[in-house]
Amino acid sequence: MAHHMISHLLAGKVPVGAEVTVKGWVRTRRDSKAGLSFVQVHDGTCFDPIQVVAPGSLPNYDGEIIRLTAGCSVVCTGTLVESMGKGQAVEIQAAAIEVLGWVDDPETYPMQPKRHSMEYLREVAHLRPRTNTIGAVTRVRNCLAQATHRFFHERGFFWIHTPIITASDCEGAGEMFRVSTLDLANLPRTADGKVDYSQDFFGKESFLTVSGQLNVEAYCCALSRVYTFGPTFRAENSNTSRHLSEFWMIEPEIAFADLSADADLAEEFLRTIFKAVLDERGDDMAFFAQHVQKDALTRLESFVQSSFERMDYGDAVKALEKSGKAFEYPVKWGMDLQSEHERYLCEELCKRPVVVMNYPKDIKAFYMRLNDDGRTVAAMDVLAPGIGEIIGGSQREERLDVLDARIDAMGLPKAGYWWYRDLRRYGTVPHAGFGLGFERAVNYVTGIANIRDVIPFPRAPKSAEF
RNA sequence: UCCUCGGUAGCUCAAUGGUAGAGCAUGCGGCUGUUAACCGCAGGGUUGUAGGUUCGAGUCCUACCCGAGGAGCCA
């Protein structure tokens, strides 16, 4: 049976007086002994539920309607009318309400029409999308994802589906999850007693990817403007509000480009996808501003209008030294910036996102391009107030001899990088890219504090129930 | 992994070492074109787990489990 999306009805896309059907779940029910009930029904298509007025003359009124509780699924058919009450422009005068699914034992139904803590909702991750908060997060997350593909598509980028499984242990971005079909209780051994991975599924050790970057560089050096957008895995035992074991990452890579062009892209990208949220999800953003973070909306509005502060790493260090702040970790050139330093830069000094560029080479990855000063690399971090590092990027080292020297200096296995080095042997070009932690962007936009609340089913150490 | 704080009814939280309570939710009744309605009544508990101290432990001690905030690692 055809039915209407509640978002269409509330947006005025269906004329008053029309016969309509909605299908959804009950939020609340209020009874009037005058002989009618008000049922708030949501279907997830927009923030607001629609009010369905159930007259006592419905054949199942006494038997079913007045027994509806939060969570029941219903099909409501009736006439779209202007509301006689305050609080909504239109409502449905029901001619029939069919109950598809009851809530057995309503007393223990985990989702109640009240405020729940985010920690509690995490324990009922299969039901939390029915809440105002997680519903709004889900729509904003989708909006950001769609805007991401639209942004790149409109600029001639190609979406590259880089592999999830990698047999290369050279990605170098942290602990990896092993992928294996070997019998853990009976591992095959080589003569010298080590695990014999030649008998494993891929004939060698394999893992879940920690980054699509190395693979996407190959396509960048052929299709010029490319990006990845997919899941990424880190087996680090990190227990924070900013880390997940499985998260989604967006990694554009542009050929014939330097670090400055990379920073330009990062800035334009964030502004564009954030503006899409303002344009398309005003209802959800209003909720976040009201119940989650007061300045969520105004901060986003100013974000899309203002430019990022850009700062050389050396200047950032000087600014921190001059700040007069008593940091737990003193600042010194050559050190990586601590969370407290990053927070000072974007939250206090600049009060907006900051791009810190040209870090000391010794604290950055081997593939980042060595600057002419010989002691820094063309790397950048984009720091967002309240989140910290939201983007990390760099211009890549395109000179084979310099790349080899860096691989050797860092004691990495050069042979494993054979195909990555080939990209520098055959028609090498300057290129650059960055990685955006998608969930961190959702955190920033919504004002939701914990990263585990902006992904449907979060995976973290000791946590993979759903 | 380290530091700090926490775990009591379906949910949010009280309870000086001395009879475990409230609000919301649920059920029943009342009232009302209602807006997380309101009023009354009722049911609802192995106080995270396992030990220990004590005449007596939600409360004190030990270990473990889980959660939160911060740190490190990073996106």
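Just so it is clear: chains get the letters A, B, ... in the order the sequence lines come, proteins before strands, and each one is counted from 1.
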Distance check: side-chain N/O of [X] vs OP1/OP2 of [N], anything under 4.0 Å?
X: Ser241(A); N: A68(B); result: no
X: Asn450(A); N: G69(B); result: yes
X: Ser117(A); N: C11(B); result: no
X: Arg440(A); N: A75(B); result: no
X: Gln338(A); N: G72(B); result: yes

Ignoring hydrogens and geometry beyond distance, is a side-chain donor-acceptor pair present between Glu19(A) and Thr77(A) at under 3.5 Å?
no
Please evaluate residues Asp381(A) and Tyr359(A) with respect to the criterion side-chain hydrogen bond (donor to acceptor under 3.5 Å, both in side chains), reporting the C-alpha separation (whole Å), side-chain torsions for both, the decisive distance (0.1 Å), and the verdict.
CA-CA 9 Å; Asp381(A) 282 351; Tyr359(A) 283 81; 3.3 Å; yes
[atom1]-based separation of [M] from [N] [nearest Å]:
N: A20(B); M: A9(B); atom1: C1'; result: 10 Å
N: U47(B); M: U4(B); atom1: C1'; result: 23 Å
N: U8(B); M: G58(B); atom1: C1'; result: 6 Å
N: A68(B); M: U12(B); atom1: P; result: 13 Å
N: A14(B); M: A37(B); atom1: C1'; result: 26 Å
N: G44(B); M: C28(B); atom1: C1'; result: 15 Å

Should the side chain of [X] and the base of [N] be counted as holding a donor-acceptor pair, with the cut-off at 3.5 Å?
X: Glu119(A); N: U12(B); answer: no
X: Arg122(A); N: C66(B); answer: no
X: His116(A); N: C11(B); answer: no
X: Glu91(A); N: G33(B); answer: yes

What's the closest nucleotide to the side chain of Arg452(A) if the choices are U34(B), A75(B), A68(B)?
A68(B)
Out of C73(B), U35(B), A71(B), which has the shortest distance to the side chain of Glu236(A)?
C73(B)
NA contact type, Arg29(A), heavy-atom cut-off 4.0 Å: base, sugar-phosphate, or nothing?
nothing
When we call it a touch if two heavy atoms are under 4.0 Å apart, what does Tyr329(A) touch: a base, just sugar-phosphate, or nothing?
sugar-phosphate
Are Glu205(A) and Arg178(A) close enough for a salt bridge, meaning some N to O gap below 4.0 Å?
yes
Assess whether a salt bridge exists between Glu389(A) and Arg440(A), defined as any Lys/Arg side-chain N lying under 4.0 Å from an Asp/Glu carboxylate O.
no
Heavy-atom pair with the smallest gap, counting every atom of Arg225(A) and Ile254(A):
CG-CG2, 4.1 Å
To the nearest 0.5 Å, tell me how far Met410(A) CE sits from Lys364(A) NZ.
11.0 Å
Say you draw a straight line from CG of Asp258(A) to OG of Ser394(A); how long is it, rounded to the nearest 0.5 Å?
12.0 Å
Who is the Watson-Crick or G-U wobble partner of [N], with both distances under 3.5 Å?
N: C38(B); answer: G30(B)
N: U4(B); answer: A68(B)
N: C24(B); answer: G10(B)
N: U53(B); answer: none

Starting at [atom1] of [X] and ending at [atom2] of [N], how long is that distance when rounded to a whole Å?
X: Glu175(A); N: C74(B); atom1: CD; atom2: P; answer: 12 Å
X: His341(A); N: A71(B); atom1: NE2; atom2: C1'; answer: 13 Å
X: Phe438(A); N: A75(B); atom1: CZ; atom2: C1'; answer: 13 Å

Are the ring of Phe247(A) and the base ring of A75(B) both nearer than 5.5 Å at their centres and tilted by less than 30°?
yes
